[in-house]
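Along the sequence shown, residues are numbered consecutively beginning with 1.
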Amino acid sequence: MEFEFLLRIFCAAILGGIIGLEREYRAKEAGFRTHFLVALGSALFMIVSAYGFSDAMNNELQRWDVSRVAAQVVSGIGFIGAGTIIFRKAENIVSGLTTAAGLWVTAAMGLACGGGMYVLAIGSTVMVLLGLEAFNYFLHKFDKHRKE
């Protein structure tokens, strides 16, 4: 079972790192290390939540909800994401929203890996990368037309 847990956090770390590499390549606020750690930590929290208290969960007098820790990961990531969002009053510009959303989805992907849902996590990672790259492609197309 321990090998399976290591595989789960390894998969999460790799997938989070891939998203982070894209953000790093685009020189955004949170890059490889941040996404790597968010995914790995989320997977680890999920594993500990689901399996770390198995001896206490066998008590028939109490009910345990393993999803409570996973729910708190979502709240915790909100604080990290909020740190990447910056409002520049002088230019009336908000930046960092995509990075914050990327951290949020990276945490969800980490939770999926921690829960053993590899196909869902890999598919989500591919969709995130497609969304980020498609946005970048269309943004360059619009900028090209605007300059002419």
Side-chain angles (χ1 to χ4, degrees), residues 1-54 57 63-89 91-148:
M1 197 60 156
E2 294 289 325
F3 178 74
E4 173 68 21
F5 294 157
L6 286 174
L7 180 63
R8 290 178 186 194
I9 63 171
F10 181 77
C11 180
I14 295 299
L15 294 175
I18 291 169
I19 294 171
L21 283 174
E22 189 281 334
R23 300 277 72 200
E24 190 97 17
Y25 176 74
R26 302 276 176 220
K28 298 302 178 180
E29 293 85 359
F32 173 78
R33 292 182 300 175
T34 306
H35 284 80
F36 176 90
L37 291 173
V38 164
L40 187 145
S42 298
L44 185 57
F45 275 122
M46 185 65 170
I47 292 166
V48 170
S49 177
Y51 302 101
F53 309 104
S54 58
M57 286 186 217
R63 290 185 44 160
W64 294 84
D65 183 7
V66 297
S67 66
R68 291 182 72 190
V69 172
Q72 297 310 310
V73 169
V74 177
S75 299
I77 289 302
F79 286 103
I80 294 173
T84 66
I85 300 171
I86 299 169
F87 175 68
R88 289 184 228 131
K89 197 171 187 177
E91 297 106 17
N92 203 23
I93 295 173
V94 176
S95 64
L97 288 173
T98 302
T99 299
L103 288 170
W104 183 65
V105 77
T106 299
M109 181 268 310
L111 289 172
C113 284
M117 298 179 235
Y118 301 113
V119 174
L120 179 65
I122 292 168
S124 298
T125 302
V126 168
M127 285 190 270
V128 166
L129 294 173
L130 284 174
L132 291 171
E133 289 303 312
F135 175 74
N136 194 49
Y137 173 78
F138 286 116
L139 189 64
H140 283 289
K141 287 288 185 186
F142 286 124
D143 279 345
K144 184 179 173 183
H145 292 300
R146 193 171 17 166
K147 292 177 184 176
E148 294 174 353

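Scored by the ring-ring contact (aromatic ring centres under 6.0 Å, His included) test, Phe32 finds Phe36 as partners (sequence neighbours excluded). With sequence neighbours excluded, no residue satisfies side chain to side chain donor-acceptor pair (under 3.5 Å) with Glu91.
The shortest non-hydrogen separation linking Ala70 to Met46 is CB-SD, 3.9 Å. Across Gly114 and Ile47, no two heavy atoms sit closer than the pair O-CG1, 3.5 Å. The heavy-atom pair separating Gly81 from Leu103 by the smallest distance is CA-CD1, 4.3 Å. Of all heavy-atom pairs between Met109 and Ala39, the closest is CE-CB, 3.7 Å. Closest non-hydrogen pair, Thr106 versus Gly16, comes out as CG2-CA, 4.0 Å. Between Gly96 and Ile85, the shortest heavy-atom distance links the atoms O-CG1, 3.8 Å.
Between Leu129 and Ile18 the shortest side-chain heavy-atom distance falls below 4.5 Å. Residues Phe5 and Leu44 fail the side-chain proximity criterion, which asks for heavy atoms closer than 4.5 Å. Between Arg23 and Thr98 there is a side-chain heavy-atom pair separated by less than 4.5 Å. Proximity of Ile77 to Ile80: side-chain heavy atoms (C-beta onward) are separated by under 4.5 Å at one or more points. Between Phe10 and Leu6 the shortest side-chain heavy-atom distance does not fall below 4.5 Å.
The distance from the NE2 atom of His35 to the NZ atom of Lys28 is 12.0 Å, given to the nearest 0.5 Å. Summarising the geometry, atom SG belonging to Cys11 is positioned 12.5 Å from atom CE belonging to Met117; distances are rounded to the nearest 0.5 Å. Note that OG of Ser42 is 10.5 Å distant from CG of Leu37, once rounded to the nearest 0.5 Å. Going from atom CD of Gln72 over to atom CZ of Arg68 covers 7.5 Å, rounded to the nearest 0.5 Å. To the nearest 0.5 Å, the span separating OG1 on Thr125 from CD1 on Ile19 amounts to 4.5 Å. In this structure, the separation between OH on Tyr51 and CZ on Arg8 is 4.0 Å, given to the nearest 0.5 Å.
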Before you tell me yes or no, could you show the steps for Val48 and Val69 under side-chain contact (heavy atoms from CB on, under 4.5 Å), namely the whole-Å CA-CA distance, both residues' side-chain angles and the distance that decides it to 0.1 Å? CA-CA 9 Å; Val48 170; Val69 172; over 6 Å; no

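More than 12 heavy-atom neighbours from other residues, nucleotides or ligands sit within 6.0 angstrom of CZ on Phe87. Shown here is Arg26, whose CZ atom has more than 12 heavy atoms of other residues, nucleotides or ligands within 6.0 Å.
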